Amino acid sequence: MTTLAGRTIAALRSEHDSLADLVPGLSDGQLTGPSGASAWTVADVLSHLGSGAEITLAGFRAATGEAPAPGSDFNQGVWDRWNAMSPRDQATGSIDANQALVTGLESVPEDRHEDLRVRTFLPDPVPFASFAALRLSEVAHHTWDVRAGLDPAATLADGSAEVLAEHLSGGLSFLLGFIARPKEAPGHAVVEISGTAYRIVIDESARLTTETLPATATFTGSLESALRLLYGRLAPEHTPDGTTVTGTITLDELRAVFPGF
């Protein structure tokens, strides 16, 4: 698929398939061990992905007319049910729930990608591409959380990083408003991400852009590392060798601006 929605769903499929290959082989100890998300076990992350997939699928089915809109107590009921599962059931159920969601998204014909709108937590329904990207934003980084619990050197999938950067500099630019703490920066900064067209701009707010603004600092490293930085997942122990920031802001100061959710 060549649409932005299609490329986003393809990235979701790849993320799902990688977890579907990994999760069944995890031991009970690995499932109850720490993940890359602070205070969450690997099973906790998988439960979050599974319950989120179920809630997202319900909203999607309502948008396409397959089912009525969920009631006001639907989400809480889903969370309560998943929280009551054993770690193994959370892991298995997560793969099943994500498979159902990705299959549902893949079923939308490409000629509907531009006109379909889906209601989310936002005031107005969002374009289908943005709806899929909200899910990819969750899945890519929580998949990293699972992998980082097993391997501190884990990285985001390149395909997911590329698509997410496109969304974060476009229709999902508001997400950085939820994540960033621009007051933690020493001042205005425009951080170019080396080897890409992207810049991180920090002033009264924070945003990712492809505008050709004069840079005050340079992030030297991969795009996936820069994306993890924005999501609070570039702690020193998870930072690849050779990743540096030079100029008017330091890497530690950027970590403070982007502490994660």
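Just so you know, residue 1 is the first one in the sequence shown, and it goes up from there. Bear in mind that the values here come from a model prediction, so they are computed numbers and not experimental data.
By the 6.0 Å contact criterion, CD on Glu204 is open, its count of non-hydrogen atoms from other residues, nucleotides or ligands being 12 or less. More than 12 heavy atoms of other residues, nucleotides or ligands sit less than 6.0 Å from atom CZ of Arg88. Counting non-hydrogen atoms of neighbouring residues, nucleotides and ligands closer than 6.0 angstrom, the CZ atom of Arg61 reaches no more than 12 such neighbours.
For the pair Val245 and Ile249, the tightest heavy-atom approach, listed with the atom from each and the gap, is CG1-O, 3.2 Å. Considering all non-hydrogen atoms of both residues, Pro24 and Leu19 come closest at CD-O, 4.1 Å. Gly36 approaches Ala148 most closely through the heavy-atom pair CA-CB, 4.0 Å. Gly50 and Ala97 get closest at one heavy-atom pair: O-CB, 3.6 Å. The shortest heavy-atom contact between Thr210 and Ser169 is CG2-OG, 4.5 Å. Listed here is the closest heavy atom pair of Ala39 and Asp44: O-OD2, 4.2 Å.
Judged purely by atom type and a 3.5 angstrom limit, Glu224 uses its side chain to pair as donor or acceptor with the backbone of Leu156. Judged by distance alone, the side chain of Arg119 and the main-chain N or O of Pro123 form a donor-acceptor pair under 3.5 Å. Of the possible donor and acceptor atoms, one in the side chain of Thr143 sits under 3.5 Å from a partner among the backbone N and O of Val139. Looking at Arg228, its side chain does come within 3.5 Å of a backbone N or O of Arg233 through a donor-acceptor pair. For Gln30 (side chain) and Ser27 (main-chain N/O), a donor-acceptor pair under 3.5 Å exists by modelled atom type. At least one donor-acceptor pair under 3.5 Å links the side chain of Gln90 to the backbone N or O of Trp82. For Ser94 (side chain) and Ala91 (main-chain N/O), no donor-acceptor pair under 3.5 Å exists by modelled atom type. At least one donor-acceptor pair under 3.5 Å links the side chain of Ser173 to the backbone N or O of Gly170. A donor-acceptor pair under 3.5 Å is absent between the side-chain atoms of Thr250 and the main chain of Thr246, judged by distance alone.
A donor atom on one side chain and an acceptor atom on the other are found under 3.5 Å apart for Arg255 and Thr239. Side-chain polar atoms of Thr3 and Glu114 form no donor-acceptor pair below 3.5 angstrom. No side-chain donor-acceptor contact under 3.5 Å links Ser130 and His167. Using a 3.5 Å distance cut-off with no hydrogens or angles, the side chains of Asp21 and Ser18 do not pair a donor with an acceptor. In this model, a donor atom of one side chain and an acceptor atom of the other lie less than 3.5 Å apart for Thr103 and Gln99.
Leu254 places a side-chain heavy atom less than 4.5 Å from the side chain of Leu229. Contact check for Thr8 versus Ser137: no side-chain heavy atoms found under the 4.5 Å cut-off. Using a 4.5 Å cut-off on side-chain heavy atoms (C-beta onward), Phe219 and Thr244 make no contact. With contacts defined as side-chain heavy-atom distances shorter than 4.5 Å, the pair Leu234/Leu251 qualifies. Val191 places none of its side-chain heavy atoms less than 4.5 Å from the side chain of Thr218. In this structure the side chain of Arg135 reaches within 4.5 angstrom of the side chain of Leu101, judged on heavy atoms. Contact annotation: the side chain of Thr209 never approaches that of Val190 to less than 4.5 Å [non-hydrogen atoms, C-beta and beyond]. Looking at Asn98 and Leu49, their side chains come closer than 4.5 Å, going by heavy atoms from C-beta outward.
The pair Asp151-Arg147 fails the salt-bridge criterion, with no side-chain N (NZ, NE, NH1 or NH2) lying under 4.0 Å from an Asp/Glu carboxylate O. Salt bridge Arg199/Glu211: absent, no basic N to carboxylate O contact under 4.0 Å.
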(request) May I have the step-by-step check of side chain to side chain contact (heavy atoms under 4.5 Å, CB included) for Leu31 and Leu46, ending in yes or no? (result) CA-CA 9 Å; Leu31 288 175; Leu46 292 169; 3.9 Å; yes
(message) Is there a side chain to side chain contact (heavy atoms under 4.5 Å, CB included) between Ser47 and Trp79? Walk through the geometry before answering.
(response) CA-CA 9 Å; Ser47 178; Trp79 292 327; over 6 Å; no
(request) Could you walk me through whether Arg81 and Val78 pass the side chain to side chain contact (heavy atoms under 4.5 Å, CB included) test, one step at a time? (result) CA-CA 5 Å; Arg81 177 161 41 80; Val78 171; 3.9 Å; yes
(request) Please report the C-alpha distance between Phe258 and Ile200 in whole Å, then the side-chain angles of each, then the deciding distance to 0.1 Å, and finally whether the side chain to side chain contact (heavy atoms under 4.5 Å, CB included) criterion is met. (result) CA-CA 11 Å; Phe258 299 103; Ile200 303 165; 3.8 Å; yes
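Placement of Val201 and Ile179 in two distinct hydrophobic clusters is found when ILVMFWY residues are connected by side-chain heavy-atom separations under 4.5 Å, directly or transitively. Phe178 and Leu164 end up in the same hydrophobic cluster when Ile, Leu, Val, Met, Phe, Trp and Tyr side chains are linked at under 4.5 Å. Follow the hydrophobic side-chain contacts under 4.5 Å out from Leu4 and you never reach Leu172; the two are in separate clusters. When the side chains of ILVMFWY residues are joined at heavy-atom separations under 4.5 Å, either directly or via intervening members, Met85 and Ile95 end up in two distinct hydrophobic clusters. Residues Phe174 and Tyr198 share a hydrophobic cluster, clusters being chains of Ile/Leu/Val/Met/Phe/Trp/Tyr side chains in contact below 4.5 Å.
Distance check, rounded to the nearest 0.5 Å: CD1 of Ile55 to CG of Asn75 gives 4.0 Å. Considering CG of Leu134 and OG1 of Thr56, their distance stands at 8.5 Å, rounded to 0.5 Å. In this structure, the separation between CD on Glu54 and CG on Asp96 is 11.0 Å, given to the nearest 0.5 Å. The CG atom of Leu227 sits 10.0 Å away from the CD atom of Glu162 when rounded to the nearest 0.5 Å. Here the CG atom belonging to Asn83 is positioned 8.0 Å from the CD atom belonging to Gln76, to the nearest 0.5 angstrom. Summarising the geometry, atom OG belonging to Ser160 is positioned 7.5 Å from atom CG belonging to Leu12; distances are rounded to the nearest 0.5 Å.
Sorted by first and then second residue, the pairs that involve residues 122-159 and meet ring pair (Phe, Tyr, Trp, His ring centres under 6.0 Å), not counting sequence neighbours, are Trp40-His142, His48-His142, His113-Phe128, His141-Tyr231, Trp144-His238.
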